[in-house]
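Below, chain A is the first sequence line, B the second, and so on; all start at residue 1.
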Amino acid sequence: DAGVTQSPTHLIKTRGQQVTLRCSPKSGHDTVSWYQQALGQGPQFIFQYYEEEERQRGNFPDRFSGHQFPNYSSELNVNALLLGDSALYLCASSLFAGGAGTEAFFGQGTRLTVV
Amino acid sequence: GQQVMQIPQYQHVQEGEDFTTYCNSSTTLSNIQWYKQRPGGHPVFLIQLVKSGEVKKQKRLTFQFGEAKKNSSLHITATQTTDVGTYFCAGPMNYGGATNKLIFGTGTLLAVQP
């Protein structure tokens, strides 16, 4: 039973470029949430996808966008990269039906460095 | 907005000593979850507490949810080097809502000296 998989594991981009990160949720899960974790801080919620729609969004600019596919996998896109976007991007999968009490399973993350 | 704070930010202990981290939310939570993140790793779910005053144990780890459901604690008895990492508490953003948008605490980094 595969857990949550993310790709790539590491990425270096230049300011102003665009990046796409990918996530495959744990088998049986239908909800994908994305988090940004800066060094030494806790994960910050970016947005959540369920039934191919963005359901919740955190305090992130429109440069951050996403998509969920029919197979529940998801992409996170960041446009016009800034140095401050350098962080570990985590994908978490869960079951939407579980509601507020659902455990989140995290992928290993994508380490994005913007230079 | 809703905030979740943890203290201390950092704790250095000798192996065998006890360790406690405290979590406080600005709002009432429907449940509290605890995660452990090893250095260079990703958060791994430890446990979820739902009921007011609930206490759960996992071997040397004891988790408690406050009566008002706004605070929680994690206590580790007789720490081992394998306990090293950052411990995060996290609560759902919308109390009672059908969402698991998690607000993470600031985390406590535990260092254990052999």
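In the hydrophobic clustering of ILVMFWY residues, with side-chain heavy atoms under 4.5 Å counting as a link, F19(B) and L109(B) come out apart. Cluster annotation: L90(A) and L76(A) are assigned to distinct hydrophobic clusters (Ile/Leu/Val/Met/Phe/Trp/Tyr, side-chain heavy-atom contacts under 4.5 Å, transitive). L61(B) and V50(B) fall into different hydrophobic clusters, where Ile, Leu, Val, Met, Phe, Trp and Tyr side chains are chained together by heavy-atom contacts under 4.5 Å. Linking ILVMFWY residues whenever their side-chain heavy atoms come closer than 4.5 Å, directly or via other members, leaves I47(B) and Y22(B) in distinct clusters.
For chain B, the nearby part of Q37(A) is the side chain; its heavy atoms alone come within less than 4.5 Å. Residue contact with chain A, scored on non-hydrogen atoms closer than 4.5 Å, is absent for Q6(B).
By the 4.5 Å heavy-atom criterion applied to side chains, Y35(B) and P43(A) are not counted as neighbours. Side-chain contact between T106(B) and Q41(A) is absent, with no heavy-atom pair separated by less than 4.5 Å.
Across all non-hydrogen atoms, the minimal contact from G41(B) to L88(A) is O-CD2, 4.2 Å.
For Q3(B), the CD atom sits in a loose shell: 12 or fewer heavy atoms of surrounding residues, nucleotides or ligands are nearer than 6.0 Å.
Remark: aromatic rings of F45(A) and F104(B) are distant, center separation not under 6.0 Å.
Of residues 105-115 of chain A, those residues lying under 4.5 Å from chain B by any heavy-atom pair are F106(A), G107(A), Q108(A).
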